[in-house]
Amino acid sequence: MNRRRAVQSMAVAAAAAVARPAAAQSPAAAVYLKRWNQAKTFTLMVADAMPAEQYDFKPQPDQMTFGKLMTHLAVANTRYFARIKGEPSPMKEPEKADK
């Protein structure tokens with residue numbers, strides 16, 4: 001799974017979902033987009049900080065691995081923005097989640 005491509009897809013979807021002329025964009029949409037971009041940046045920093053050999057790490061046996069959590073975030077965001085646009089989700093969760 002290429003997480004950068006997944007996050008870029010999410011960014012494009014987010015921009016399309018709230019894209020309007022600057023004067024017509026609601027204050028709530030501007031706040032949401034700012035916070036979403038901050039979360040995206042932070043998430044990528046966390047993913048970059050985790051060594052590739054630790055993407056199978058699980059804090060507890062019944063929890064997702066770190067890699068699975070990263071792909072879950074990417075797929076959930078993509079599905080969410082596709083739903084806003086009224087389109088089917090372009091992403092499916094991969095079997096293996098690696099860096």
Side-chain angles (χ1 to χ4, degrees):
M1 167 89 191
N2 185 331
R3 73 183 150 68
R4 288 223 182 263
R5 188 177 317 146
V7 172
Q8 287 170 346
S9 296
M10 291 185 307
V12 169
V18 295
R20 295 184 201 152
Q25 186 176 16
S26 74
V31 168
Y32 175 79
L33 189 57
K34 178 183 176 193
R35 289 184 180 171
W36 187 88
N37 278 311
Q38 289 172 335
K40 175 189 74 169
T41 300
F42 176 75
T43 301
L44 283 174
M45 289 171 58
V46 170
D48 285 339
M50 180 64 91
E53 61 274 6
Q54 291 295 313
Y55 264 58
D56 286 335
F57 171 74
K58 284 185 175 187
Q60 297 291 324
D62 59 340
Q63 292 180 329
M64 290 184 208
T65 65
F66 180 82
K68 176 72 173 167
L69 178 61
M70 292 293 108
T71 58
H72 175 77
L73 289 170
V75 171
N77 273 285
T78 302
R79 285 181 183 157
Y80 176 74
F81 289 117
R83 206 173 302 149
I84 289 172
K85 292 169 43 179
E87 299 175 357
S89 177
M91 290 184 70
K92 305 287 183 230
E93 287 211 31
E95 291 292 321
K96 175 91 171 111
D98 58 18
K99 194 167 188 173

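What you see is a predicted model; the values in this text were computed from it and never measured. FYI, side chains are in, hydrogens and waters are out, and symmetry mates aren't considered; it's all heavy atoms of this structure.
For residues 57-74, every residue pair satisfying the salt bridge (charged side-chain N to carboxylate O under 4.0 Å, His left out) rule, not counting sequence neighbours, is listed here: Lys68-Glu93.
Every side chain to side chain contact (heavy atoms under 4.5 Å, CB included) that Pro51 has, sequence neighbours left out, goes to Glu53, Gln54. Among residues two or more places apart in sequence or in another chain, the side chain to side chain contact (heavy atoms under 4.5 Å, CB included) test is passed with Gln63 by Pro59, Gln60.
When hydrophobic clusters are built by joining Ile, Leu, Val, Met, Phe, Trp and Tyr residues whose side-chain heavy atoms come closer than 4.5 Å, directly or via intermediates, Phe42 is grouped together with Leu73.
The line from CZ of Arg83 to OG1 of Thr78 is 11.5 Å long, rounded to the nearest 0.5 Å. Note that CZ of Arg79 is 15.0 Å distant from CD1 of Ile84, once rounded to the nearest 0.5 Å. We find the OG1-CE distance between Thr65 and Met70 to be 9.5 Å, quoted to the nearest 0.5 Å.
Phe66 and Tyr55 have perpendicular rings, their planes meeting at more than 60° on a 0 to 90° scale where under 30° would count as parallel.
If you look at Phe81 and Trp36, their ring centroids are closer than 6.0 Å.
When all heavy atoms of Ala82 and Pro90 are compared, the pair lying nearest together is CB-CD, 4.3 Å.
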### Query
Does the side-chain contact (heavy atoms from CB on, under 4.5 Å) test come out yes or no for Asp48 and Met45, once each step is laid out?
CA-CA 5 Å; Asp48 285 339; Met45 289 171 58; 5.8 Å; no
